[in-house]
Structures are given as C-alpha cells and as structure tokens.
Protein chains: 2
Amino acid sequence: MQQIFRSDVALGLPLYREVKHKLMESLRDGEWKPGDIIPAEKRLCERFGVSVGTLRKAVDELTAENILIRHQGRGTFVASHSQDRYMFGFFHIYAQDGRKEYPKVEFISLTRDKADADGAARLGVKKGAKLFRIINRLSLGGRAVIIDDILLPEQFFPNMTEAQVRDRRTTLYQLYQDSFGIGVLRTEERLQACGASADIARMLGIPEGTPLLHIIRRALSFRDEVVELRHSYVITDGHEYYAGDDNQGHG
Amino acid sequence: MQQIFRSDVALGLPLYREVKHKLMESLRDGEWKPGDIIPAEKRLCERFGVSVGTLRKAVDELTAENILIRHQGRGTFVASHSQDRYMFGFFHIYAQDGRKEYPKVEFISLTRDKADADGAARLGVKKGAKLFRIINRLSLGGRAVIIDDILLPEQFFPNMTEAQVRDRRTTLYQLYQDSFGIGVLRTEERLQACGASADIARMLGIPEGTPLLHIIRRALSFRDEVVELRHSYVITDGHEYYAGDDNQGHG
DNA sequence: CAGTGGTCTAGACCACATT
DNA sequence: ATGTGGTCTAGACCACTGT
C-alpha cells in the first residue's frame with residue numbers, strides 16, 4: 001500500500017521527486033562523497049519507504065544529470081571529477097577533422113584580483129569582492145590555441161596557493177573537489193566572437209585583432225553557487241566548438 | 001507473461017528498445033504525421049504485446065528526444081515544427097541581457113548552386129551535386145545581426161521556388177515539413193570565429209574583417225540524412241550564443 | 001555463489017482534459 | 001462520465017560483477 005503521510009517538503013510533488021530531493025540532500029551534506037558507492041537500491045527503498053520503481057525513477061534522473069553513475073553488477077556511485085569526465089562533459093573543443101585530444105596545460109599565473117562590475121554580476125558576488133585569478137595557456141597538437149582566464153571567489157578557495165595550482169597533475173575541477181570540497185556539478189557557456197587583445201595576442205603568438213572564439217563559462221556547485229567564471233579565448237582556424245548531445249558524438 | 005518470440009530485429013536489445021524502434025518506423029513511414037495524435041498507451045500495449053511500463057519507457061525516450069510530446073489527459077502527439085519549437089530547440093542566440101526575441105527574417109536570395117568539397121563532405125553528397133542556396137538576413141532589436149547562408153540538396157526539395165521561400169509566413173523548418181515532407185529531427189552545431197568577408201560585411205553594414213561568430217549547423221532527418229547545411233554569421237557585440245540544457249534556461 | 005543494477009509485468013489509483 | 005497520460009506498487013527474472 002502506498003504510504004499516506006508524506007514529508008512536509010511534499011507540496012504536490014511526485015514521490016520520486018521527493019526521493020530525488022532527499023538523495024540530493026545526502027549528497028550535498030556529504031553523507032556520500034564523490035567516488036563513493038551509495039547503498040544498494042533495495043536498501044534505499046527500505047530507507048525511503050518506496051518501491052523499486054519509484055526509487056529507480058529518482059536515480060534515473062540523477063544519472064541523467066551526471067550526478068550519479070550506475071554500474072550494473074557493481075553499484076551506484078557518486079560522480080567524481082577526472083580527466084575523462086572533464087573531456088566528456090566540459091571540454092567542447094575538437095580539431096576540425098573531428099579528433100579530440102586532451103590539451104597540454106601551461107600555467108601562466110595566479111594572482112589576487114577584485115571583481116569588476118561584469119565579473120561580479122556573473123559570479124553573483126559584490127563588486128570589489130576578492131578573487132583569485134588563474135591564467136593558463138592550452139595547446140592542442142603542439143600548438144598554443146587557447147587562453148583560459150579564470151576567476152574564483154576567494155571565499156570558496158581559502159588559502160589557495162600558486163604551488164597547488166601550478167604543480168597539480170589533475171584537472172582544475174579535481175583540485176577544487178579534492179582540496180576545497182567544491183563539487184562542480186554543471187556549467188553553462190555563452191559564446192561570442194572577439195578580436196584578440198594585445199595580451200591575448202602576445203600569449204598566443206598571433207596578431208592583435210585576430211578573430212577568436214570567446215567562451216564565457218560559469219561553473220555551478222550543488223547549491224547552485226557560481227564557483228568559477230572562466231573566459232576562454234580560442235583560435236579556431238584549426239579547431240571548433242561542438243554543441244550537440246553528449247550522447248550523439250561528434251560524427 | 002512475457003512473450004517468448006521476439007522480432008528478428010532483436011539482437012539482445014531490451015524489449016522497450018524494440019518498441020521504440022517500431023514506433024520510429026511508424027513515424028518514418030508516415031503512419032503518424034507531425035501534429036497527429038498517436039494511439040493511446042493501452043492500444044499500443046496491445047499492439048506490441050508489452051506492458052504499460054515497457055511501452056512508457058520507449059515513449060519516455062522519444063519524448064526526451066523531442067520526437068513525441070505528451071499531454072496529460074489529451075494524448076501523445078508527433079512533434080511538429082512551429083515558431084515556438086524553433087525558438088526552443090534550434091535558435092540559440094540571446095541578447096546579452098538574457099532576453100530572447102524572434103528574429104525578423106529578410107529574404108535575400110534563392111539560387112542554384114553546386115556542392116564544393118567542404119559542402120559535399122558536410123552534406124554527405126558528391127562534390128558538384130545540385131543544391132539550392134538561400135541567403136537570409138536576420139534582425140534582432142531592429143538591427144541586422146545575422147546572415148544565414150543555407151544549402152539544401154536539390155533531391156530533397158524538388159521544384160522549390162523563390163516564391164515558396166520568400167513569401168512564407170513560417171519558419172523554414174515548417175516549410176520543409178509542410179511542402180516537402182522533410183522532418184528536421186535534430187541538429188548539430190559547430191562554432192568558430194571568423195572575420196567578416198566582403199560580402200557578409202556589406203550585408204551586415206559592418207567593416208570587413210569584423211570578428212563574427214560562425215555557426216555551422218547540420219539538420220538531420222528521421223533517416224539521419226543531412227537535409228540542410230546552414231552557415232550563420234553573427235555579430236556578437238550585443239548578442240551571444242547560449243550552450244546549456246534546454247531545461248535549465250538562460251538565467 | 002551472493003549481491004548488484006537492468007528489465008518486465010499486471011494492475012491499481014491519481015490528475016487532467018474533453019464530452 | 002469517459003478516456004488520457006502520470007505515478008506507484010510488489011514481485012519476478014535476467015545480466016553482470018566480484019568473491
């Protein structure tokens with residue numbers, strides 16, 4: 001029989017949404033951390049007092065959002081940042097022949113900065129708020145093609161040091177996760193074209209004013225806080241940004 | 001009881017995938033046309049000899065792909081092209097303040113052309129194959145900001161006339177659907193930056209070489225044929241391309 | 001082998017839209 | 001009142017993984 005009394009969070013929400021919400025709470029509160037296995041479906045059914053079908057529908061949505069990952073026969077795991085996940089879900093630049101390659105990342109600088117009006121609006125902080133600023137140069141096929149200009153609200157990254165950023169052997173999102181407990185759940189990107197500024201032109205070795213693809217990415221946490229604002233400037237005479245379903249590949 | 005004998009298409013496929021495949025066949029073969037209502041779930045269960053849960057899982061996937069649309073209490077319908085659907089699923093340009101607006105489309109030309117090497121490769125036709133070429137100028141907020149350069153394999157659009165294209169009061173995808181029976185199911189887009197060519201600069205009233213966002217879109221049919229190749233050139237000093245989940249909006 | 005997720009069933013009740 | 005899709009259940013069996 002279906003249970004009569006629902007949690008007070010329920011406001012006409014389907015039961016599976018309630019369950020999903022409770023799972024998200026457990027994730028947000030750190031009951032299960034990235035890489036952890038979560039309890040078996042049977043266990044979770046008992047815990048929430050729902051049937052398998054309902055539990056599965058909740059987990060279905062979380063896997064579709066790349067928050068959980070199921071492995072038949074092994075269990076269900078909390079998604080964790082890795083190089084592969086970065087390439088799969090966050091890095092959208094391909095060579096024009098369709099190949100995809102992990103970029104060589106060259107650290108240029110870590111500085112302290114303050115939010116200007118635009119950065120503050122995009123980050124959801126006050127103008128003048130303290131930020132870290134990371135600049136990286138990325139190479140593909142042995143050629144420098146991308147400058148990343150990354151802004152991080154200081155509050156989320158206490159005492160971040162240049163050594164941490166320079167000497168890491170992981171993606172930045174792994175660093176955020178492992179060293180600061182910041183889980184980047186999803187990103188949104190806005191794209192424009194711009195001419196290379198003097199600084200960017202110098203770092204990429206191209207003439208000032210060269211048309212570049214300008215990607216403005218916001219990275220969001222579990223709580224929908226903006227934890228990173230990244231401006232990427234891409235030379236696109238040999239590469240392209242692919243916008244399509246993750247599932248349907250780059251054919 | 002679960003049926004023992006499966007169709008010969010089944011090669012270890014889950015039953016709901018078989019059902020999905022059969023639904024796709026009926027759509028492809030025109031048993032149900034865009035805008036039509038399809039039989040009720042109960043009917044389809046009988047027809048395919050499966051339970052509701054299985055049927056629903058098949059339909060779930062088709063709705064997630066925007067091929068079918070469910071309306072509680074009314075029925076399930078075949079997705080049909082409309083202005084709203086175009087804005088929702090295919091047009092990704094927003095004003096920088098986040099507003100979205102339907103562009104004013106100004107017809108410039110319809111000509112016959114032949115596929116060059118690049119176009120042939122992208123369209124999946126032979127070099128030199130006959131094409132129609134449409135050029136449109138799009139305005140947002142009263143300002144010309146986009147040039148669309150559209151290539152169509154002649155085979156899919158027999159006897160297309162300038163009047164059809166010029167005088168339509170619908171989106172092009174509605175025209176393809178209503179006048180040629182071509183259903184655009186999905187698109188994929190590649191983005192680059194380029195400098196405005198002399199032609200584009202003249203049509204947009206900007207200096208030659210101005211950095212533009214260059215969107216290369218392929219539109220695919222039910223059969224995964226490329227039915228349209230569209231080059232869009234966008235002025236992005238007041239607008240941007242938004243790449244994010246359709247569901248999560250442009251906040 | 002035991003435990004996990006993946007699929008499928010048969011039927012119930014609910015919410016919504018139309019007649 | 002009827003018919004539609006939306007949710008939920010309780011239990012079965014399959015496929016895969018690790019011991």
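Residue numbers begin at 1 in each chain, while the letters A, B, ... track the order of the sequences.
- Aromatic ring centres of B:Tyr242 and B:Tyr94 lie closer together than 6.0 Å.
- Counting any heavy atom pair closer than 4.0 Å across all strands shown, A:Lys42 reaches no nucleic acid atom.
- In terms of modelled atom types and a separation under 3.5 Å, the side chain of A:Lys100 and the main chain of A:Met87 share a donor-acceptor contact.
- Here the P atom of nucleotide D:dT9 and the CD atom of A:Glu18 are 11 Å apart, to the nearest Å.
- Among the nucleotides D:dC8, C:dG11, C:dC8, the one closest to any side-chain atom of B:Tyr16 is C:dC8.
- One atom, CG of B:Leu44, and another, P of C:dT9, lie 14 Å apart when rounded to the nearest Å.
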Give each protein N/O atom lying under 3.5 Å from an N/O atom of nucleotides 14-18 of chain D, with the pair distance.
from	atom 1	to	atom 2	distance (Å)
D:dA15	N3	A:Gln72	NE2	3.4

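- Using a cutoff of 4.0 Å between basic side-chain nitrogens and carboxylate oxygens, A:Glu41 and A:Arg56 are scored as salt-bridged.
- As a whole-Å value, the separation of A:Glu46 CD from C:dT4 P is 10 Å.
- If you measure from atom CG of A:Leu13 to atom C1' of D:dG6, you get 14 Å, rounded to the nearest angstrom.
- Residue B:Thr54 places none of its side-chain N or O atoms closer than 4.0 Å to OP1 or OP2 of C:dT7.
- A:Arg218 pairs with exactly one of A:Glu189, A:Glu228, A:Glu188 by the side chain to side chain donor-acceptor pair (under 3.5 Å) rule, that one being A:Glu188.
- To the nearest angstrom, P of D:dG3 lies 18 Å from CD1 of B:Ile38.
- Ranking C:dG5, C:dT9, D:dG5 by closeness to the A:Arg56 side chain, first place goes to C:dG5.
- Atoms CG (A:Leu15) and C1' (D:dG6) sit 13 Å apart, rounded to a whole Å.
- Between B:Glu41 and A:Arg17, the residue anchored closer to the 5' end of DNA chain D is B:Glu41, taking for each the nucleotide with the nearest heavy atom.
- Atom pair A:Lys57:NZ and D:dA10:P shows a separation of 17 Å (rounding to whole Å applied).
- Computed from coordinates, the B:Ile69 CD1 to D:dT4 P distance equals 19 Å when rounded to whole Å.
- The 5' end of DNA chain D is approached more closely, in terms of each residue's nearest nucleotide, by B:Gly75 than by the other of B:Gly75 and A:Gly53.
- Checking D:dT9, C:dT7, D:dG5 against every side-chain atom of A:Ser51, the shortest atom distance belongs to D:dT9.
- Taking NE2 from B:His231 and CD from B:Gln192, the interatomic distance works out to 9.5 Å, rounded to the nearest 0.5 Å.
- If you take CG on B:Asp97 and NE2 on B:His239, they are separated by 8.0 Å, rounding to the nearest 0.5 Å.
- Proximity of the aromatic rings of B:Phe180 and B:Phe156 is defined here by a centroid distance below 6.0 angstrom, and this criterion is not met.
- Among the nucleotides D:dC8, D:dG5, C:dC8, the one closest to any side-chain atom of B:Arg70 is D:dG5.
- Side-chain N or O atoms of B:Thr63 include one that pairs as donor or acceptor with a backbone N or O of B:Asp60 at under 3.5 Å.
- The overall bend of the helix from C:dC1-D:dG18 to C:dT18-D:dA1, read as the angle between its terminal helix axes built from five base pairs each, is 10° when rounded to 10 degrees.
- Of the candidates D:dT4, D:dC8, C:dC8, the closest approach to any side-chain atom of B:Ala40 belongs to D:dT4.
- In this structure, B:Phe132 CZ and B:Gln155 CD are separated by 11.5 Å, a value rounded to the nearest 0.5 Å.
- Under the salt bridge (charged side-chain N to carboxylate O under 4.0 Å, His left out) criterion, the residue pairs touching residues 30-40 of chain A are A:Glu31-A:Arg47, with sequence neighbours excluded.
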